[in-house]
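The figures here come from the full heavy-atom set of this structure, side chains too, leaving out hydrogens, waters and symmetry mates.
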Amino acid sequence: MTNTIKQMEPVQLVQQQLDAYNSKNITAWLSCYHPDAVQLDFHGTVLARGHDEMQRRISVRFSEPDLHAKLLNRMVMGEWVIDHEVIQRNFPDGSGQVEMLCSYQVKQGLIVKALFQLGEPVLF
């Protein structure tokens, strides 16, 4: 009898990643990403590549006391999951929120590419 591990569906993996983000659990958050994953903005600028860069980048964000992402809408097409979120943040000028589009490409049970587009921050 062969033991096989069922890979998580893309939508389940992206939800696990969002839950880890909201709990500020770096280990759980990184476990959703392939070790060589890349994060980019929608114009193609690389924000982080690989777990080391991603960990440095997200550590700064996770230090914000009010950080929380609220999912507004999710679309799924094959290996792509696209989330529309509102992120509560602690900006240099004060607390606020920003809309964000997040597009995740999932292959073999891990996020291999994430693209982000930020809206205009709104201070409270």
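Ile111 is connected to Val11 through a chain of hydrophobic side-chain contacts under 4.5 Å among Ile, Leu, Val, Met, Phe, Trp and Tyr, so both are in one cluster. Under a hydrophobic clustering in which Ile, Leu, Val, Met, Phe, Trp and Tyr are joined whenever their side-chain heavy atoms come within less than 4.5 Å, directly or via other members, Val86 and Phe62 fall into different clusters. A continuous path of hydrophobic side-chain contacts links Val76 to Tyr104 [ILVMFWY only; heavy atoms under 4.5 Å]. Under the 4.5 Å side-chain contact rule for hydrophobic residues, Met77 and Leu13 do not share a cluster. Placement of Ile58 and Val112 in two distinct hydrophobic clusters is found when ILVMFWY residues are connected by side-chain heavy-atom separations under 4.5 Å, directly or transitively.
Nearest heavy-atom pair across Val98 and Arg89 is CG1-CG, 4.2 Å. Here the closest non-hydrogen pair linking Ile87 and Ala69 is CD1-CB, 3.4 Å. Of all heavy-atom pairs between Leu110 and Pro35, the closest is CD1-CD, 4.5 Å. Pairing each heavy atom of Ile26 with each of Ser59, the nearest pair is CD1-OG, 3.3 Å. Minimum heavy-atom separation, Pro10 to Gly78: CG-O, 3.8 Å. The heavy-atom pair separating Ser31 from Gln16 by the smallest distance is OG-NE2, 4.1 Å.
For the pair Asp66 (side chain) and Asn90 (backbone), a donor-acceptor distance under 3.5 Å is absent. Of the possible polar contacts, none joining the Gln39 side chain to the Leu47 backbone as a donor-acceptor pair under 3.5 Å is found. Remark: the backbone N or O of Tyr33 is paired with a side-chain donor or acceptor of His51 at under 3.5 angstrom. Judged purely by atom type and a 3.5 angstrom limit, Glu53 uses its side chain to pair as donor or acceptor with the backbone of Arg49.
From Leu40, atom CG reaches atom CZ of Phe116 across 9.0 Å, with rounding to the nearest 0.5 Å. Interatomic distance, CG of Leu18 versus CH2 of Trp29, reported as 12.0 Å (0.5 Å rounding). Taken from CG in Leu71 to CG in Asn22, the straight-line distance is 10.0 Å, to the nearest 0.5 Å. Within the model, atoms CG of Leu101 and CG of Leu118 stand 9.5 Å from one another, a figure rounded to the nearest 0.5 Å. Atom CG of Asp83 is separated from atom SG of Cys102 by 6.0 Å, given to the nearest 0.5 angstrom. Distance check, rounded to the nearest 0.5 Å: NE2 of His68 to CD of Glu85 gives 9.5 Å.
The side-chain heavy atoms of Gln15 and Val81, taken from C-beta on, include no pair separated by under 4.5 Å. At a threshold of 4.5 Å between non-hydrogen side-chain atoms, the residues Trp80 and Ser103 count as touching. Side chains of Gln88 and Lys70 form no contact here, defined as non-hydrogen atoms less than 4.5 Å apart. Counting heavy atoms from C-beta on, the side chains of Phe124 and Gln97 come closer than 4.5 Å.
Checking Gln105 against Glu79 by side-chain atom types alone, a donor-acceptor pair falls below 3.5 Å.
Counting non-hydrogen atoms of neighbouring residues, nucleotides and ligands closer than 6.0 angstrom, the NZ atom of Lys113 reaches no more than 12 such neighbours.
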